[in-house]
Amino acid sequence: MQPFKQRLYALFHRVRQKIPSIESDFLPYIAFVFMPCAVLSVHSLNAIAIASVLLVCVRCSRERKKLLVLWQKIPLFVLCDMGVFLLWIATTCCWASDVSLSLSRAIKVINCIVFGGFLSLSLMQETQEEKTVCFFERGLLLALCLLVFEFASHGFIRHYILPVKGYEPESYKWASMINTYNQQACAVGIVIWPLIGHLVLRREWNPLKWIAFLSLCTFFVAGNEGTRMAFFAGFVAFCGTWYWEKKFLCFFRIITLIGIGSAPFIIAEIPWDRIVSHMSQDVRKATNAHPRLCIWRHCVQRISERPLRGHGLWGLRADKLPEAVCVEENGEQRKAIQKNIYVLHQHNMSLEIWQDLGFVGVLLFLFLLNALFQVLQEARIPIVLKSGFCASLSAAFAMTAVCFSFWQSWWFFLLCLIAPIIRALIIVNRNREGIL
């Protein structure tokens with residue numbers, strides 16, 4: 001028995017020696033794999049995040065370093081506001097209609113934010129910036145190639161190589177799979193812009209041409225309005241910030257903060273029925289304009305019931321969408337509404353935060369967002385790189401305005417994994433430009 005224990009201990013010791021031997025820093029490898037993995041399944045970001053946390057813990061335990069380093073020049077008031085924001089998320093569960101559902105979701109969201117923040121700060125320690133940027137460029141190009149191939153082949157990899165549970169070859173329909181790639185395409189549309197700014201600054205035209213070509217392919221073959229909005233909004237913000245610099249940044253900051261804060265009032269006043277009535281049947285079917293209108297109206301109504309404190313996380317999940325909220329156009333539309341009577345989420349970040357956390361939660365979120373804009377405006381980095389960061393924010397807000405839930409774990413880990421890569425981009429360009 002003793003030799004077996006010794007062999008087991010020796011094996012464990014060798015494994016422990018091998019793990020940190022990836023040049024003692026694995027951020028470059030994360031920068032390479034996380035976007036291709038996200039294209040095949042955005043939920044794989046959860047697995048990458050968990051593996052990264054474990055690797056960070058192993059390295060820190062071996063090198064006797066602190067797991068979480070807080071001297072990253074993060075203002076104390078921002079950390080305090082984040083703490084209050086998380087506390088308010090937990091507090092809203094007390095008056096949710098389904099306390100157990102809201103509490104379980106709140107625990108998951110708080111865990112994602114806390115562990116995601118820990119992961120970001122840990123990966124920022126002693127990174128290999130040049131290698132990280134180089135690996136990120138190649139990983140993003142690979143992700144774009146995979147994405148274009150999947151759209152062009154109607155999900156060949158996802159269906160035949162990584163089959164989705166419940167989909168058999170005989171019953172396979174591309175229409176049923178198209179939504180799988182909306183998140184992936186939007187994720188690429190968000191993170192691509194800082195790299196474009198870096199390549200423009202370095203005058204590396206060949207990879208820039210490939211990225212432009214693959215992005216255009218994705219833009220035209222994607223089957224979701226959120227994907228196109230993310231790319232288009234990013235392009236406008238990139239050009240606007242590059243040309244008008246501080247004026248556009250200030251304008252973008254004001255519009256974003258006001259838009260998020262006043263979204264329920266704006267949506268309540270827009271004559272959506274008139275707009276939808278002027279759309280063709282094909283456009284309505286492609287954009288899901290009518291069902292989404294029903295959800296938004298219902299959200300505005302629910303927000304008006306508890307405007308101050310909100311309904312708790314996933315307050316809409318337990319709701320049935322009343323038929324009175326919608327204006328049915330024909331029998332098929334009525335059947336569709338009755339079939340999808342439960343609402344999963346609001347398809348709009350502003351409405352989701354307003355309904356779940358109320359006015360108090362919106363104020364805390366806007367404070368954090370304003371601090372981010374302040375850092376971006378005052379950052380001493382080349383303007384073209386600043387344009388890339390502004391474009392990423394614009395693409396993210398455009399995507400969350402029409403698609404998905406803001407509280408999804410893949411979304412948080414996408415932001416947390418890109419944060420140290422953004423830091424690497426900043427350091428590389430500061431060193432080359434001689435900016436202190």
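No experiment lies behind these values; they were computed from the predicted model shown. Heavy atoms only: backbone and side chains are in, while hydrogens, waters and symmetry mates are out.
Side-chain atoms of Ser304 come within 3.5 Å of backbone N or O of Gln301 as a donor-acceptor pair. Panel note: side chain Trp411, backbone Ala187; no donor-acceptor pair is recorded below 3.5 Å. The backbone N or O of Phe406 sits less than 3.5 Å from a side-chain atom of Glu352, completing a donor-acceptor pair. Side-chain atoms of Ser392 come within 3.5 Å of backbone N or O of Ile190 as a donor-acceptor pair. A donor-acceptor pair is defined here as one N or O able to donate and one able to accept, closer than 3.5 Å; such a pair exists between the side chain of Arg138 and the backbone of Cys134. A donor-acceptor pair is defined here as one N or O able to donate and one able to accept, closer than 3.5 Å; no such pair exists between the side chain of Trp407 and the backbone of Phe412. Judged by distance alone, with hydrogens and angles left aside, the side-chain atoms of Ser120 form a donor-acceptor pair with the main-chain N or O of Cys416 at under 3.5 Å. Checked by atom type and distance alone, the side chain of Lys386 never pairs as donor or acceptor with a backbone atom of Thr241 at under 3.5 Å. Ser394 places no side-chain N or O within donor-acceptor distance of the main-chain N or O of Cys390, the cut-off being under 3.5 Å. A donor-acceptor contact shorter than 3.5 Å is absent between the side chain of Arg202 and the backbone of Asn429.
Remark: Phe149 CZ is packed, more than 12 non-hydrogen atoms of other residues, nucleotides or ligands lying under 6.0 Å away. Applying the 6.0 Å contact sphere to CH2 of Trp242 captures no more than 12 heavy atoms from other residues, nucleotides or ligands. In Phe115, the CZ atom is not crowded: 12 or fewer heavy atoms of neighbouring residues, nucleotides or ligands sit closer than 6.0 Å. For CZ of Phe248, the number of neighbouring non-hydrogen atoms (other residues, nucleotides, ligands) closer than 6.0 Å is greater than 12. Counting non-hydrogen atoms of neighbouring residues, nucleotides and ligands closer than 6.0 angstrom, the CH2 atom of Trp244 reaches no more than 12 such neighbours.
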- Task: Please step through side-chain contact (heavy atoms from CB on, under 4.5 Å) for the pair Phe365 and Leu369, ending with a clear verdict.
- Result: CA-CA 6 Å; Phe365 178 76; Leu369 194 58; 4.2 Å; yes
- Item | Candidate pair Leu214 and Cys145, rule side-chain contact (heavy atoms from CB on, under 4.5 Å), full reasoning | CA-CA 7 Å; Leu214 294 170; Cys145 290; 3.7 Å; yes
- Task: Kindly indicate, with the supporting measurements, whether the criterion ring pair (Phe, Tyr, Trp, His ring centres under 6.0 Å) is fulfilled by Tyr29 and Phe34.
- Result: CA-CA 8 Å; Tyr29 301 93; Phe34 97 95; over 10 Å; no
- Intermediate values then yes/no, side-chain contact (heavy atoms from CB on, under 4.5 Å), Ile418 and Phe136: CA-CA 10 Å; Ile418 198 66; Phe136 178 58; 3.8 Å; yes
- Message: I'd like to know whether Ile422 forms a side-chain contact (heavy atoms from CB on, under 4.5 Å) with Val191, so could you lay out the CA-CA distance, the side-chain angles of the two residues, the decisive distance to 0.1 Å, and finally the verdict.
- Response: CA-CA 9 Å; Ile422 285 176; Val191 305; over 6 Å; no
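Applying side chain to side chain contact (heavy atoms under 4.5 Å, CB included) to Ser350 and the options Ile266, Val362, Ile260 leaves one that passes, Ile260.
No side-chain heavy atom of Pro307 sits under 4.5 Å from any side-chain heavy atom of Phe359. With a 4.5 Å cut-off on side-chain heavy atoms, Cys94 and Val99 do not count as touching. Within the 4.5 Å cutoff, side-chain heavy atoms of Leu372 are placed close to those of Leu393. By the 4.5 Å heavy-atom criterion applied to side chains, Ile192 and Ser215 are counted as neighbours. Put simply, the side chain of Leu199 reaches to within 4.5 Å of the side chain of Glu137, judged on heavy atoms.
Expressed to the nearest 0.5 Å, how far CG of Leu417 lies from SG of Cys37 amounts to 10.5 Å. For the atom pair Ile421 CD1 and Leu425 CG, the distance stands at 8.0 Å (nearest 0.5 Å). Here Leu87 contributes atom CG and Met82 contributes atom CE; the two are 13.0 Å apart, rounded to the nearest 0.5 Å. Distance check, rounded to the nearest 0.5 Å: CD1 of Ile30 to CE of Met35 gives 14.5 Å. Atom CG of Leu121 and atom CE of Met124 lie 6.0 Å apart (nearest 0.5 Å). To the nearest 0.5 angstrom, Gln377 atom CD is 11.0 Å from Phe252 atom CZ.
Between Trp210 and Phe213, the angle of the ring planes goes over 60°, which puts this pair in the perpendicular group of the 30/60° scheme. Under the 30°/60° scheme for interplanar angles, the aromatic rings of Phe235 and Trp193 are found to be tilted. Between Phe373 and Phe397, the ring planes are tilted. Angles from 30° to 60° get that label.
Side-chain polar atoms of His311 and Asp356 form no donor-acceptor pair below 3.5 angstrom.
Contact record, Val428 with Val133: CG2-CG2, 3.9 Å, taken as the closest heavy-atom pair. Scanning all heavy atoms of the two residues, the minimum distance from Leu385 to His198 falls at CD1-N, 3.9 Å. Shown here for Ser409 and Cys112, the closest heavy-atom pair between the two residues is CB-SG, 3.4 Å. The two atoms that bring Ala38 and Ser44 nearest to each other are N-OG, 3.8 Å, heavy atoms only. When all heavy atoms of Val200 and Trp205 are compared, the pair lying nearest together is O-CH2, 4.3 Å. Among all heavy-atom pairs drawn from Arg309 and Thr92, the shortest one is O-CG2, 3.7 Å.
Evaluation of the side-chain hydrogen bond (donor to acceptor under 3.5 Å, both in side chains) test over residues 361-375, restricted to residues two or more places apart or in two chains, returns Arg253-Asn370, Arg253-Gln374, Gln374-Glu378.
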